[in-house]
Amino acid sequence: MKELKQKLLSECLGIVGEKIAGLQTNLKGFQDAANEETKSSAGDKYETGRAMMHLEKEKVAHALNEVLKQKKVLDQLDAQTDQVAELGSVIKTNKGLFYLSVSLGKIKHEGVDVFCLSPVSPLGKMFLGTKKGEQVTFNKIVYLIEEVA
């Protein structure tokens, strides 16, 4: 399981890294567009367009900030195995594999679905502190903990 944790961490870092690169490219595009734009004779149209571009730029900057927070969390994880589920744990249940890390949703790892959950998500909170043999019920679904690493 330690090897699986290391591979999942690497895969999550890769996904987050791609997101960061894409968002940074978008931000650079906004900056380039703002630098190239010149004021036309239709002043109101120019101002409206500039304001809309500024709002979009702020949205992208906020998204980038959130993804950078995810990267910071991932950078602090290690591949040590634990008996109790905590941030960085891989939890094998009767309903699949869960990686308590950051909210990336379902990823495919070597043909297996792994759900990357934040420990502050509703299901992530339920998994925190669980051990092998325990069960968690969430939305009327029972998750039997088969292994924690």
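Small disclaimer: the values here were computed from a predicted structure and weren't measured.
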Please check this pair: side chain of Ser89 against backbone of Ile91, looking for a donor-acceptor N/O pair closer than 3.5 Å.
no
Leu100 and Gly124 have their tightest heavy-atom pair at CD2-CA, 3.8 Å
Gln6 and Leu9, any side-chain heavy atoms less than 4.5 Å apart:
yes
Might you point out which heavy atoms bring Val73 and Ser101 nearest each other, and give the distance in Å?
CG1-O, 4.0 Å
Distance in Å, Phe98 CZ paired with Ser121 OG, rounded so as to fall on 0.5 Å steps:
9.5 Å
Rounded at 0.5 Å granularity, tell me how far NE2 in His109 sits from CG in Leu4.
5.0 Å
Ser103 side, atom OG; Gln70 side, atom CD - distance, nearest 0.5 Å
7.0 Å
Phe138 reachable from Leu128 in the ILVMFWY side-chain graph, under 4.5 Å edges:
yes
So, taking the atom named OH in Tyr99 and the one named CG in Leu87, what distance separates them when rounded to the nearest 0.5 Å?
8.0 Å
With hydrophobic residues grouped by side-chain heavy-atom distances under 4.5 Å, do Val136 and Val84 end up in a single group?
no
Side-chain heavy atoms of Asp113 within contact of Lys108, under 4.5 Å
yes
Locate the shortest heavy-atom distance separating Val148 from Ala85; write the atom from each residue and the value.
CG1-N, 3.6 Å
Hydrophobic clustering (ILVMFWY, side-chain heavy atoms < 4.5 Å, transitive) - are Phe127 and Val120 grouped together?
no
Check: Gly88 main-chain N/O paired with Lys5 side-chain donor or acceptor under 3.5 Å
yes
Nearest 0.5 Å please: distance from the NZ atom of Lys131 over to the CD atom of Glu147.
15.5 Å
Roughly how far, to the nearest 0.5 Å, is the NZ atom of Lys72 from the CG atom of Leu68?
10.5 Å
Might you point out which heavy atoms bring Thr93 and Ile145 nearest each other, and give the distance in Å?
CG2-CD1, 4.0 Å
Determine whether His62 and Glu58 satisfy the following criterion, side chain to side chain donor-acceptor pair (under 3.5 Å), listing intermediate values before the conclusion.
CA-CA 6 Å; His62 178 72; Glu58 284 182 356; over 6 Å; no
Joint hydrophobic cluster, Val112 plus Leu8, side-chain heavy atoms closer than 4.5 Å:
yes
Mind checking whether Leu123 and Tyr143 have side chains closer than 4.5 Å, heavy atoms only?
yes
Of the non-hydrogen atoms in Leu144 and Asn94, which two are nearest, and what is the gap between them?
N-OD1, 2.7 Å
Considering all heavy atoms, the nearest Cys12-Ile107 contact
SG-CD1, 4.3 Å
Taking side chain as C-beta onward, heavy atoms only, is Lys19 less than 4.5 Å from Leu104?
yes
Identify, with sequence neighbours excluded, every residue that meets side chain to side chain contact (heavy atoms under 4.5 Å, CB included) alongside Asn139.
none
Side-chain ion pair, Lys7 and Glu3, N-O less than 4.0 Å
yes
